[in-house]
There are 2 protein chains.
Amino acid sequence: MNPTPMPGRPVRGSTTGRSLMAALDLFGRRWTLRIIWELGNEPLGFRLLQRRCDGMSSSVLQQRLTELQEARLAEVLHDGNYTLTPLGHDARESLGPVIEWSRLWAAELADAPPTAAEGGGDG
Amino acid sequence: MNPTPMPGRPVRGSTTGRSLMAALDLFGRRWTLRIIWELGNEPLGFRLLQRRCDGMSSSVLQQRLTELQEARLAEVLHDGNYTLTPLGHDARESLGPVIEWSRLWAAELADAPPTAAEGGGDG
DNA sequence: CGTGAGTGCTTCGGAATTCGAAGCATTCAT
DNA sequence: ATGAATGCTTCGAATTCCGAAGCACTCACG
């Protein structure tokens, strides 16, 4: 398995923009974005969090939770629940505009539905 | 292969939350975030875009490009280059805060480097 | 015209990731 | 003790990703 993406791991010569690439890599793993989002609403236990994430695979959830802890975005509470660290909350807040955009996206596609040629499957 | 995530058949009256999950799913695919980012800087041809993305697999790039077009985030210019649609640019702009956050992330980890117990691999 | 280099894109076998059912050790209420 | 939760692991199978190779095409050069 690949290591958790970290802003450090300086590429020799220039760390420029590297932290962004690391973030894009971390977030670009299945379920990561979703977990941060769900955890931002409230602290959640393993199994409940799993349910909130459409019943995602427990093995992958465990994997992601470990990565998120390594990256200092998540941590375990005294009661055993998972929660976001202050840094994690910042990350989730940075996702705010993405959320707003998704509404725009939905509206846009409603105005101009995909053509048959573009696929997108039917329903 | 899974279909391109779409905010979904905007059921009249309630597009509730669904569009967010679709967005989180679309963005949570390897390279998608990165491609949007790179394409936001300037229109790029297939092979050049591939190089900008650390030489990612051409087959996956083609896959992502198709998804992005279906989702109306990207399109092909007359000269054949790929570019972001206005909607795609909005998406990329919504990523702005994430970029800022990644700097904070890097700074934070620099102050409190991961312990051996937290793994994170070696460097 | 032929040659070489670059392009967008596809194919396909192997590697890596994800899935998901099953199970284990605990805890808590009955 | 029993039943129902919980956090977390294991492991074989399905899916996704990788990446070298190749095809059809364009363009500059001669």
Could you tell me the separation between the CG atom of Leu61(A) and the P atom of dG20(C), rounded to a whole number of Å? 13 Å
Using the side-chain heavy atoms of Tyr82(A), tell me which of these nucleotides is nearest: dT18(C), dG19(D), dG7(D). dG7(D)
The reported gap from CG in Leu68(B) to CG in Leu26(B) (rounded to nearest 0.5 angstrom) is 6.5 Å
Please tell me which of Ser57(B) and Gly80(A) maps to the more 5' nucleotide of DNA chain D, matching each residue to the nucleotide holding its nearest heavy atom. Gly80(A)
Whole-Å distance, Arg52(B) CZ to dT7(C) C1', equals 16 Å
Partner residues of Ser59(B) under the side-chain contact (heavy atoms from CB on, under 4.5 Å) criterion, sequence neighbours left out: Ser57(B)
Please confirm whether the shortest side-chain N or O distance from Arg64(B) to OP1 or OP2 of dC17(D) is below 4.0 Å. yes
Nearest 0.5 Å please: distance from the CG atom of Asp90(B) over to the OG atom of Ser94(B). 8.0 Å
Among dT6(D), dT11(C), dC18(D), the one nearest Ser58(B) by side-chain distance: dT11(C)
Using atom CZ of Arg29(A) as one end and atom P of dA16(C) as the other, report the distance to the nearest whole Å. 14 Å
Phosphate contact (dG7(D) OP1 or OP2) by Gln62(A) side-chain N/O below 4.0 Å: no
What about Ser59(A): does its side chain form a donor-acceptor pair under 3.5 Å with the base of dT18(C)? no
Expressed as a whole number of angstroms, how long is the span from Asn81(A):CG to dA5(D):P? 17 Å
If a pair satisfies side chain to side chain donor-acceptor pair (under 3.5 Å) and one of its residues is in residues 43-55 of chain A, list it, with sequence neighbours excluded. Arg34(A)-Asp54(A), Glu42(A)-Arg52(A)
Can you measure Leu44(A) atom CG to dA5(D) atom P for me and round it to whole angstrom units? 17 Å
Worked check of side chain to side chain contact (heavy atoms under 4.5 Å, CB included) between Leu49(A) and Leu65(A): CA-CA 10 Å; Leu49(A) 174 55; Leu65(A) 250 15; 4.0 Å; yes
Measure from the side chain of Arg47(B), starting at C-beta and using heavy atoms only, and say which of dG20(C), dT18(C), dC9(C) lies closest. dC9(C)
So if I take residues 31-40 of chain B and measure heavy-atom distances to DNA chain C, which residues fall below 4.0 Å? none
Under a 4.0 Å threshold between the charged nitrogen and the carboxylate oxygen, would Arg72(B) count as salt-bridged to Glu108(A)? no
Return the CZ to CZ distance between Arg30(B) and Arg30(A), rounded to the nearest 0.5 Å. 11.0 Å
Phosphate oxygens OP1/OP2 of dT6(D): is one of them under 4.0 Å from a side-chain N or O of Arg51(A)? yes
In whole angstrom, what separates Asn2(A)'s CG from dA15(C)'s P? 16 Å
When rounded to whole Å, the CD to P distance for the pair Gln63(A) and dA16(C) reads 14 Å
Nearest-Å distance, CD (Gln50(A)) to P (dG7(D))? 9 Å
